[in-house]
Each structure stands twice: as structure tokens, then as C-alpha cells.
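All ligand and atom numbering here is 1-based and tracks the order in the structure.
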Amino acid sequence: MENEIKILGRWIYNEFHIDISAYKSNQMNRRLTNLMARCGASSVGDYIRMLERNPKLKQKLADFITINVSEFFRNKELFDDLRDKIDKLLLKEKPRIKIWSAACSNGAEPYSITIIMDRLTPGVRHSILATDIDATILEAAKRGEYTANDVKSVDNLTLQRYFKKVGDKYILNEDIKNRVKFKKHDLILDPYESGFDLIVCRNVVIYFTQEVKDAIYKKFYDSLNDGGLLFVGATETIYNYKDFGFGKASTFIYQKKKLC
Ligand SMILES: C[S@@+](CC[C@H](N)C(=O)[O-])C[C@H]1O[C@@H](n2cnc3c(N)ncnc32)[C@H](O)[C@@H]1O
């Protein structure tokens, strides 16, 4: 089966430019095998033939690999902590900051940060970049339309102020939408921009091998300004953070040490 998965891996790379060898192999192989079985494919060759005939199945595979689940203020208490750290550690130093939400999925994460910034510094235009490997989910992010489940952690005041309810959809306010620049970017293969004061990267590196994770953390470090913050997911403690030159600002927020 391992060889078969390698063949599928090459096909996936050629089609989507996604390198599945960077993902934890046991987990990825198990998930792909289950997916193929659910589609009724008898072999990888059979599955590839089905994919080539059926664009919907192809999109399903891309969505499946990228796992783009997200929601506004995911782990609310961690976003409260982030707001405090942005206020105390970043805005005390400079009035406008540069932010990157990496692997942003449907936009709920960069928009949550934009709402935090709007509250902390009304009227100030910060630079907010949001990227993901998946072009389809980026289009959804730009539309800014969400379900009740996506906004379940948003308090009523924020919901009233920043969203309009139309039918069963929650439509994000245009002003917040216009403050975020979306761009396709692969954390493994593409070069990183620099000069960020805050990088948010949550719930994606858990799928990567330790080697790939370490390479990403090193690149995040290089992309941050001195004193800049890295906010990670609720299960993503970086045990070797000192090796990269980070200090700890709190449990899930790391700070690039300032050069003296
Ligand atoms: C589970 S979602 C996390 C979304 C958001 N950060 C959050 O925590 O709510 C993972 C996202 O990572 C993206 N992704 C997967 N592999 C990636 C890669 N190599 N480079 C950039 N984004 C990637 C997926 O497309 C997906 O949107």
C-alpha cells in the first residue's frame, strides 16, 4: 500500500502542488486509504482514473488533504490572551503593526484578528495578510459569508456590530473584509515575506513531520521583527522554542527576543 500511496502522492503533487510527504505519513496514509475506500476505488490506479473523470471528486480530495475547518475566535480564551499581548507588547512600541495569518482557511482567523485590532485601535489601518495553500477556500474567505457554527464563539455585541444576518448566513461587514489581503501561499514550498510584528499559524503544523515543522518555525522567526509574536494553536506547544531564538510570552504565544 505504501508504494501505491507514493504513486497517489506524485499525482497529488502534479495536480495540486501539495507535497504530502511533508505530512505525518501514518496519519496521511490512513486518511487517504479511508477516503479511497469510501469512494469505492479498488486501487490507487482506479482512484486516479475516477479523479481524472470527476472534477468534484478531485476538489473533494484537495479539501480532504488540506482540512480547512476553522471558526471565529477558535479557543476564545487564547484570543483574549492574544489581544492582551498585542496591546502590551506590540502597540506600546508602535501604532501600526504588520500581521500575517498563515494557513488562514475560510478567513475566520484573520477576520477575528482584524476585529480585535479594530477594537484596540479604532480607525488605524494595520497591514493584515492572510494566506492559504487552497485557492478555493481563499475565494470563500474573500466572500466573508459564514454559518451559525462558524460564529458560535462570537459574543452578541460583536455579532451585531460586525455581521449582518441574512437568512441563515452571517455576512461580515465590508470594512473589516477590506482590511485583509488574501494570497495563495504554501508554507512548505513558497518563500516567506518579512517584517511581521505578529504571525498567527494555528492548526496546520500538527499535520506536518517534525522536520518540516522545525523548518517552518525557523522561517517564522526570520520573518518576524525583533519583539514580534508567534501565536500557535491550542495543541501546538513548541517545546524547542529556545532553539529558534524565541522566548515565551504565554502558553501559546512566543516572542522573538529583542537584540540588545
Ligand atoms: C485546520 S485549518 C486551520 C485554519 C485556521 N488557522 C484555524 O486554526 O482555524 C488548516 C488550513 O491549513 C491549510 N494548509 C494545509 N497545508 C498547507 C500548506 N502547506 N501551506 C499553507 N496552508 C496549508 C489548509 O488549506 C487549511 O485551510
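Aromatic rings of F182 and Y111 (six-membered ring for Trp) have centroids within the 6.0 Å cut-off, being under it. For F231 and F79, the ring centers are positioned less than 6.0 Å apart.
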Show me the side-chain donor-acceptor pairs of residues 188-201 shorter than 3.5 Å, one per line, residues at least two apart or across chains.
residue: D190; atom: OD2; partner: D186; partner atom: N; Å: 2.7
residue: Y192; atom: OH; partner: L187; partner atom: O; Å: 2.6
residue: E193; atom: OE1; partner: K98; partner atom: NZ; Å: 3.4
residue: D197; atom: OD1; partner: K94; partner atom: NZ; Å: 2.8
residue: D197; atom: OD1; partner: N225; partner atom: ND2; Å: 3.0
residue: D197; atom: OD2; partner: K94; partner atom: NZ; Å: 3.2
residue: D197; atom: OD2; partner: K98; partner atom: N; Å: 2.8

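Take K76 and apply the salt bridge (Lys or Arg N to Asp or Glu O under 4.0 Å) test, not counting sequence neighbours, and it matches D80.
Proximity of Q255 to K248: side-chain heavy atoms (C-beta onward) are nowhere separated by under 4.5 Å.
Closer than 4.0 angstrom to ligand 1 sit non-hydrogen atoms from Y23, T66, I67, N68, V69, S70, R74, A103, S105, E109, D132, I133, D134, H185, D186, L187, I188, R202, N203, V204, F208.
The ring pair (Phe, Tyr, Trp, His ring centres under 6.0 Å) pairs that include a residue from residues 112-133 number zero, where partners must be two or more places apart or lie in different chains.
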